[in-house]
Each structure stands twice: as C-alpha cells, then as structure tokens.
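Structure first, then comments.
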There are 2 protein chains.
Amino acid sequence: MATIRDVARMAEVSISTVSLALNDPDRVKPETREKVLKIASSIGYSADPIAQTLKSGRSKMIGVVVTDINNPFFGNLLHEIEQQAYKDNYMVLLSDTGGDPARELAIMNHMAGQRVAGILLSTCVQEGQSIEHIRQLKMPCVLFDQQFDSLGRDFVGSDNELAAAMLTRHLLELGHRDICMLGGATGIFTSRMRANGFIDTMRAAGIEVRPDMILDAEYRADRAYDITLKLFAGQRRPTAIVAASNVIALGALQALKDLAIDCPEDVSLVGIDDVPWSGLIVPKITSAVQQIDLLARKASQMLMRRIAEYGKDAAQPETCIFSPKLVMGGSTAKPPSS
Amino acid sequence: MATIRDVARMAEVSISTVSLALNDPDRVKPETREKVLKIASSIGYSADPIAQTLKSGRSKMIGVVVTDINNPFFGNLLHEIEQQAYKDNYMVLLSDTGGDPARELAIMNHMAGQRVAGILLSTCVQEGQSIEHIRQLKMPCVLFDQQFDSLGRDFVGSDNELAAAMLTRHLLELGHRDICMLGGATGIFTSRMRANGFIDTMRAAGIEVRPDMILDAEYRADRAYDITLKLFAGQRRPTAIVAASNVIALGALQALKDLAIDCPEDVSLVGIDDVPWSGLIVPKITSAVQQIDLLARKASQMLMRRIAEYGKDAAQPETCIFSPKLVMGGSTAKPPSS
DNA sequence: ATGTACAGTCGAACCGGTTCGATAAATTAT
DNA sequence: ATAATTTATCGAACCGGTTCGACTGTACAT
C-alpha cells in the first residue's frame, strides 16, 4: 500500500505538503496541489484510516449496541442504520449484549477503545442498576428504544404508552373487560411504559388492573408460551391478551394454538410491533407498530449531528418520540358471550 | 486514558521494558514484571488497540459481509458469529451489500483499511463477474453460503443439491409430476446448485425439466409473489412448487393465498431454510433447513485458525459442507386428482 | 586474570498519518 | 531601498504502541 511518504517523494515535496494538499487545498500553491493530487491518484494512494484514527482520536465507525440481533425489530433497525451510515461514509461496529448489563459495559469499552465516532445504544440496563458507563461516556451517544431519564442523552423512541393504550382501547371497545397483559420486567423502560398505557386505559374505563393481570414474559417467546399455557390452565381465563412485543404475541399465539383455543373467537390477541410475513400468520395479529425506518433514520441523523459538533459546545439533549400505527389484523373479536 | 509512558514513568523503567513485561513476561526480571503489572493495573492501563493495530497491521475485529441482514438466515448466522467472535475477543464489523457487487468491493476495501484480522464473506458476485477483489485479498477470508470454485479459499456451506433433491423427491413420492421451481439467477452459486438438485431428481424419475419450469425469483419475496400470480394465471398450472429459499416460499404462499388457491389441497409448496415463527404460518411450509448454528461455528473456527496461522505457510483451503435437514410441515399433499 | 555467554534493560526507529512553528521567498507598504 | 506582510513549504513533534540492536553487569569457563 502506498503511503504519504511515497507520494511526497514522487512529487518532490515534503510529506506535510502532501497532507496539506489533500486536506486543506487552499494552503498550497495550485500547481503543487495538482501535482500531488495527480500522483496520489496515479499510485492509488489513500490515507490509512488507522493512522488517522490514532492521530485524531476518532475513527469512521459508529457502534451499534442492541440486546438481540435476532429480533426482527432490531434486524430492521440495523439494516436501516447501516444504510444511513454507509451514505455518511461510516461503517457499523455491531454488538449484541444478549440482555447482560456486564456485557454491555464490556462492549462499550471495547467500542470506545476502537475510537468509534459515536454509539447508538439500546441499553439492557434496568432501572436501579448502574448506568455510569453511559453517563460517563465521553463520546456522542444516542439512546434508542430504551430510555433512561435524567441521563442527559439524546433519545429516539416510540410512544410506548400510546401503543399499549391504543391496543387496550380497541379491546375495550369490542367489549372485553377481562384483559391480561404479557409484558417485560418493570425495570425495563419500554415494558414499564407499555404497562402504564395498559393500566391507565383500563382505569379510565373503570376497570382496576390487579397485579396478577400483568405477567412478566421477559420479552421472550418461550416465556410467553409457558405463561400463556399456565394462564389458560387456571380457572379465570381472560378474554383478551395484550402482548408487549411481537415475539411475546407470537409465543402466546403458539400456546393458544396448541391449547386449541381459537383466536379470535375464544380469545383476542393484540401485540406491539410487526414481524416479517405477519400477513401469513393466521390470524394476522392486530398490532401497534413502530415506524422503524423513521426511528432508525432519526437516530442516525442525531448521532451524526452530535459527531459533527463534537468538541464545540453541545446542544441540549434532544428527545424524539414517534407515534406507533395501529395495524388491524384478524386476531380480535367480541368476547364470547358468557 | 493512561498510556504506556505513564506506566513507565511510575515504575521507573523504560517504555520498552513495560511493553516487554506485558507481552513477553519471561524477558524481564520477575521483580520488575511484578512492579510493572501492579502499577499498570492500579492506574487501569490497557494498551490502545488502535496503536497496536497501526504497528502490527491487524486489528481485533473480523469483518462479516452479507447480502441482506434482514433475511433471517443471515440474521441467525450473524448472531452466532458474533457470539463466537466475542469469545475469541474479537468484535464484528458488519456490512450489507444489498446484492451489489460494486458495493461489496467498496466494503471489502473499507474493511481491509480497518485492518480487520479476517473476513467472513457471503459474496453476491455472480459466475462470470470479476472476483479479483476476493482472489487478491491478502488476508484470511472464509466464504460461506456462496461458493466460488477455483478461488482457493476456505468455504463453509450446505449441500444445496441435496436440499433441493430431498424436497423434490418428497413431492415425487406424493405423486406430483408437474413441478415448478422458483429459484434465483443461475449466476448465483446456491441457486445453480439448488436447480441442479431439482433437475437431477426429476430426470431420475423420468421427467424432463423444461427451462420454463425454473423461474428466477431473485431470492426476493416480492418477485416470488409476482411470478406465482402470473404462473397460476396461465393455462398449465403446476401441482407443486419448489421454492429455492425461505423468502421465496413465503412470497409464493402469500400469492396462493391471495388467489384463493388452497395449499396443500390444490398446490403443494416446499422451500429451503426456515423462518422464525414458521410454526405459526398456515400451512407450515415443509422445508430443507440448513443447520445455521453449525455453519456459523464452523466458519468462525476456520477463520480463527487462518488468523492464527497467518504468515506461516498456510494449510490447504478447506471445504466444509453440512447436510440440510428435512422438516415436515403441512404444505404438501397428493396432487388433486385430475 | 581474561574471555565468553547471557540476562536484563534501554534508546531509537518504526507504523502512517496531522499539525504547529519556523523559514525562506515573494509581494506589498512605507 | 528597506521594512512589513503574506504566501508556500518544510522539519519536527506527536498519537501510543512494538521491536531490534546495543549496552551494562554478573556468572561461568578457560
């Protein structure tokens, strides 16, 4: 690979002149610039990104940290982020925490070591646990999906309360009263918000939500499956289920299917977020879907802006909330007449 | 961040001694080593990966290049690769070519510039197009999924001919004779192999495959959808379809559904590779699935071995082919009696 | 006592860029 | 003609490590 010294030698100028010609063209004489540029392109010279990173302290990579790449929500998001990054001439350094805060910490240290220009983070840290590694991070960082108040960081996400509220209202309007929610741990931002949306809407309809009506499926399909089985083994069966995520909804649907409980005739089911090929799943699950492309683009943009203005006096942290869309499927009906 | 010079100053030794104490412990006096190590850990020193990369010419990252992160096949693979890499203390630099060879080239140059230790590549380059960027790549590189003969590179993949053959045989045994395949372009390795498996099995059963019985769905769901619509608008309708991938099968199934053609009563459908939640899709598509976890682990292992032995005289390129598994669904039946 | 081997340590060069302050040459002002 | 300013270029320091060859001092063989 050609180095800047090769170019300098061939152009019969010093390496500093070459560097200047390339990075600050106005500071060298036009003829010199021409000569340097011509030679540089003729031997296919381009500056070594590693050397530039060492000198400047930042690379042309952005880090993306998610809890589970396999979740289609993150998959789609990642795709969009990668497209954006490519346009801006950045590469994506990806990592998956698997929901382990210790690993999240390790990953972020790794990324910092690689001098990523910034990080897009969907943290798996729960309320009450330490978030010092985020707070003390000395580089641009935009949180998405999972928020932490009072962290003073940018955030891009969806209106999770609204998502749950829309779905709950839909069920209430159909006449359901006995509704269960399958959610995540309350330590997780999105599950807390989604639970709130559920509780508030129920309460507004004059129905008090008992704690045992909100079950923790940990955002996992297998847990949702088990819980649903158990739920319908008991005496008091709900007539409808609000699933706090796409995979929870699918796990629940699988359980209903295996129990030969008809959805929507016997039990209605709604969920949050889409899955690929949802049109082929019978019944198609009525859901409040996040606008992933908007979300990804906005998060990328915000990060890029932070990267650009890094070092200057930073703007106030910004929060951007998108509204989910209600997509009707065939998974809801009036409750069976009792 | 603490540098090696800080440690040297505090330990009252030269920086070279610090470096030796850390990297080649036997070459310094035990007491010196102790002192250096103690001070290093007390001020939280760890070597700057960027500086190490600049000096050594290789980083602790591996590049992974796929054609479409959104495809669950790659999603699963990626997850597994990332887990493996993490264990070996490597990070994953990810990119998505979107099926564009020019972009693949650009991405690989980018990765080479980042001094990745090696690359896992599922190339989108087709037979007959230039693969010089792979051939001339001067770093460890393991191809997966998409093979190129005579490239002299390691390869990990599945037995694509077998996959298609198993499915075709299954349909033949049910009594189908008029079978269509929805595949990819023949320039792509996997589609060529899968078509071969189909053709050979049909021929062995005494059925000649006319060219119009293999259609190019470009491994895209929307193309598969359109083609299926068109196919069943015509006079001669096949009684069964072999889809060369998961997304093709889903596109085809959606089309059948929209045409109110019953699967499997009117038309049988089989495909290659799984999709998440396939159990919820009605009918569940009978498919030959690749063992993604094995594939990912093997590819990672091979790459790590190449990385370890890099510089020494390299072992012969290795090829590793896994057998797909036939997973029965409910998407096939005897052909309707004509 | 002299020569040899070796363990332990160090300075300096190097990886490949960027950037600051100095210098020399060309231009303008006095 | 001389001083002040501007323009173009360059050398050297720096980013933070690794590594080679040289140097010193001790232990052993002759």
Side-chain angles (χ1 to χ4, degrees), chain A residues 1-37 39-40 43-61 109-110 112-117 138-139 310-311, chain B residues 1-37 39-40 43-61 109-110 112-117 138-139 310-311:
Chain A
M1 216 36 336
T3 76
I4 198 172
R5 285 154 230 272
D6 299 329
V7 179
R9 196 178 321 114
M10 295 178 72
E12 296 171 303
V13 292
S14 74
I15 57 171
S16 25
T17 301
V18 176
S19 182
L20 255 34
L22 262 31
N23 301 319
D24 197 354
D26 294 339
R27 285 191 45 192
V28 298
K29 194 160 49 165
E31 304 104 78
T32 314
R33 189 196 326 153
E34 295 305 324
K35 186 158 73 170
V36 169
L37 260 48
I39 288 176
I43 64 171
Y45 167 79
S46 74
D48 182 337
I50 296 297
Q52 289 179 310
T53 298
L54 178 61
K55 178 62 185 173
S56 71
R58 65 192 50 266
S59 76
K60 295 288 264 180
M61 297 192 295
N109 283 335
H110 246 122
Q114 290 295 337
R115 300 284 190 279
V116 294
K138 279 189 265 310
M139 68 173 68
Y310 190 67
Chain B
M1 218 39 327
T3 76
I4 198 172
R5 285 154 231 271
D6 298 328
V7 179
R9 197 178 320 114
M10 295 177 72
E12 295 171 303
V13 292
S14 74
I15 57 171
S16 26
T17 301
V18 176
S19 182
L20 287 173
L22 261 31
N23 302 319
D24 197 353
D26 293 339
R27 286 190 45 193
V28 298
K29 195 159 49 164
E31 305 103 79
T32 314
R33 188 196 326 153
E34 295 304 325
K35 186 156 72 168
V36 169
L37 260 48
I39 288 176
I43 65 171
Y45 167 79
S46 73
D48 182 337
I50 297 296
Q52 289 179 310
T53 298
L54 179 61
K55 177 63 184 173
S56 71
R58 66 192 50 267
S59 76
K60 295 288 263 182
M61 298 191 292
N109 283 336
H110 245 122
Q114 290 295 337
R115 299 284 190 281
V116 294
K138 278 190 268 310
M139 67 174 68
Y310 190 67

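Throughout, a chain's letter reflects where its sequence line sits, starting with A, and its residues are numbered from 1.
Residues A:Y45 and A:L22 come closest through the heavy atom pair CE2-CD2, 3.5 Å. Considering all non-hydrogen atoms of both residues, A:S59 and A:A117 come closest at O-CB, 3.5 Å. Here the closest heavy-atom approach between residue B:T53 and residue B:Q114 is recorded as CG2-O, 4.5 Å. The two residues B:I15 and B:I4 make their nearest non-hydrogen contact at O-CD1, 3.8 Å. The two residues A:D6 and A:M1 come nearest to each other via the heavy atoms OD2-O, 4.2 Å.
For residues 49-57 of chain B, proximity to DNA chain C is found at B:L54, B:K55, defined as any non-hydrogen atom under 4.0 angstrom from a strand atom.
Between the side chains of A:S16 and A:S19, no donor N or O sits under 3.5 Å from an acceptor N or O.
Nearest-nucleotide assignment on DNA chain C puts the 5′-proximal partner with B:S14, out of B:S14 and B:R115. The nearest heavy atom of DNA chain D to B:Y45 and to B:R27 marks one nucleotide each, and the one closer to the 5' end goes with B:Y45.
First and last contacts of DNA chain D with chain B, using any nucleotide atom under 4.0 Å from a protein heavy atom and ordered 5' to 3', fall at D:dG16 to D:dT19.
Atom pair B:E12:CD and C:dG8:C1' shows a separation of 17 Å (rounding to whole Å applied). Rounded to whole Å, the distance from CZ on B:R33 to P on C:dA7 is 14 Å.
The side chain to side chain contact (heavy atoms under 4.5 Å, CB included) check on B:N109 picks up B:L105, with sequence neighbours excluded.
When heavy atoms are screened at a 4.0 angstrom cut-off, B:T3 is found touching the sugar-phosphate backbone but no base atom.
For A:E31, the CD atom is densely surrounded, since the number of other residues' heavy atoms within 6.0 Å is greater than 12.
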